[in-house]
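Heavy atoms only: backbone and side chains are in, while hydrogens, waters and symmetry mates are out.
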Amino acid sequence: MPPQSGSAPDYPQKIKQVFAEVGKVVVGQHYMLNRLLIGLFTGGHILLEGVPGLAKTLTISTLSRVLHLHFQRVQFTPDLLPSDLVGTMIYNQNQSEFEVKKGPIFANLVLADEVNRSPAKVQSALLEAMQEKQVTIGETTYPLDLPFLVLATQNPVEQEGTYPLPEAQVDRFMMKIHVDYLKKADELEVMRRMANMSYVGEVNPVLTKEDIFGIRQQINQVQISETLEKYIIELVFATRKPAEYDLPEFQQYVQFGVSPRASIALHRAAKAVAYLDERDYVLPEDIKEVAADVLNHRILLNYEAEADGIRTQDMIEAILRKVPIS
């Protein structure tokens, strides 16, 4: 439940403290942390893609401590079973009856590490929990504790022996974030910290569950004009029929445009960007800032696009240039 009305907490100041606390442990990943908070504050799951060693896991585990949330990490492997994730019924010999053993999905922040290493049945169990916010074990359905956020990581380097997420299931992630290498100065700082073998990254809790629900309530009140709402719809439709938006060069490459989930995600993410910028109204720049993260994993290009070296990023950039705000 959101906090009761009274003296309004200074949430923007607390959010700044979140960045400062995470920064005690994680260096230079401000963009990734920003997107993780957008997902948390709007109830959207995040897919992180990047080469190993970029502090994806460290950032998420540190964030959970700063937010005082229950965190569980699941290392996805080819032999993982759905019951290893959601839980199962076990027989209690003392009581002579079956009892429920809940799995690691029963947490507030769930890190699905290298989600593409497990087969489809495990991925489906995870994505079902993401969508329904509940898990069925035996004949009983258990609601998941809110807030509930899945942060899945993918390693784009090794593809042998992996099970890529189907396009229809990837759509359930609000945003797909590409995590890049650090800048030289940041990597120098990381090296110095980690070279000190007595270094311990201590952080203090800043936000509570009640604070997160309060922030969600305030983001919900951020104003977005009808003009910008229609602009979001135009961006979405441009991914489906680019020729109608003066982008005929992309028409032959598009197999499927983005789904209606993209419209919802863009609307929510733009509001969150405005809120984190301490505004109570959305600007066109807010929509453009998160457009690539929301759209890039939802556009399905054909093999012809791959052969010609056309990327979804190229198409999104062209759409943002062409589609006017009327």
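Every salt bridge (charged side-chain N to carboxylate O under 4.0 Å, His left out) that Arg193 has, sequence neighbours left out, goes to Glu189. Checked against salt bridge (charged side-chain N to carboxylate O under 4.0 Å, His left out), Glu226 has the following partners two or more places apart in sequence or in another chain: Lys230.
Counting heavy atoms from C-beta outward, Ile46 and Leu48 have side chains that approach closer than 4.5 Å. In this structure the side chain of Ile177 reaches within 4.5 angstrom of the side chain of Tyr31, judged on heavy atoms. Contact annotation: the side chain of Ile137 approaches that of Val135 to within less than 4.5 Å [non-hydrogen atoms, C-beta and beyond]. Between Phe148 and Gln134 the shortest side-chain heavy-atom distance does not fall below 4.5 Å.
Other residues sharing the hydrophobic cluster of Leu81, ordered by chain and number and joined by side-chain separations under 4.5 Å: none, the residue standing alone. Grouped with Tyr281 in one hydrophobic cluster are Leu283, the linkage being side-chain heavy-atom contacts under 4.5 Å among Ile, Leu, Val, Met, Phe, Trp and Tyr residues. Applying the under-4.5 Å side-chain rule to Ile, Leu, Val, Met, Phe, Trp and Tyr, the cluster around Met191 extends to Leu188.
The main-chain N or O of Met130 is found under 3.5 Å from a side-chain atom of His45 such that the two form a donor-acceptor pair. Remark: the backbone N or O of Val206 is not paired with any side-chain donor or acceptor of Gln17 at under 3.5 angstrom. Under the 3.5 Å distance criterion, the side-chain polar atoms of Thr239 are matched with a main-chain donor or acceptor of Val258.
By the neighbour-count criterion of 12 heavy atoms within 6.0 Å, atom OH of Tyr142 is densely surrounded, having more than that number from other residues, nucleotides or ligands. More than 12 heavy atoms of other residues, nucleotides or ligands sit less than 6.0 Å from atom NZ of Lys133. Dense packing is recorded around NE2 of His178, with more than 12 heavy atoms of other residues, nucleotides or ligands lying under 6.0 Å away. Shown here is Phe106, whose CZ atom has more than 12 heavy atoms of other residues, nucleotides or ligands within 6.0 Å. Within a 6.0 Å sphere centred on OH of Tyr181, other residues, nucleotides and ligands contribute 12 heavy atoms or fewer.
Under a 4.0 Å N-O distance rule, the pair Arg279/Asp286 qualifies as a salt bridge. One finds no salt bridge joining Glu317 and Arg311 here, because no Lys/Arg side-chain nitrogen approaches an Asp/Glu carboxylate oxygen to under 4.0 Å.
The distance from atom CD of Gln123 to atom CD of Glu128, rounded to the nearest 0.5 Å, is 14.0 Å. With values rounded to the nearest 0.5 angstrom, Tyr11 atom OH is found 14.0 Å from Leu276 atom CG. Taken from CD in Glu234 to CD in Glu244, the straight-line distance is 10.0 Å, to the nearest 0.5 Å.
Screening Glu114, Arg117, Lys56, Glu49 against Gln154 for a side chain to side chain donor-acceptor pair (under 3.5 Å) leaves a single residue, Glu49.
Within the structure, salt bridge (Lys or Arg N to Asp or Glu O under 4.0 Å) pairs that include any residue of residues 63-88 comprise Arg73-Asp113 (at least two apart or interchain).
Using cut-offs of 30° and 60° for the angle between ring planes, the Phe19 and His30 rings count as parallel.
Across every non-hydrogen atom of Pro147 and Asn108, the tightest pair is O-ND2, 3.0 Å.
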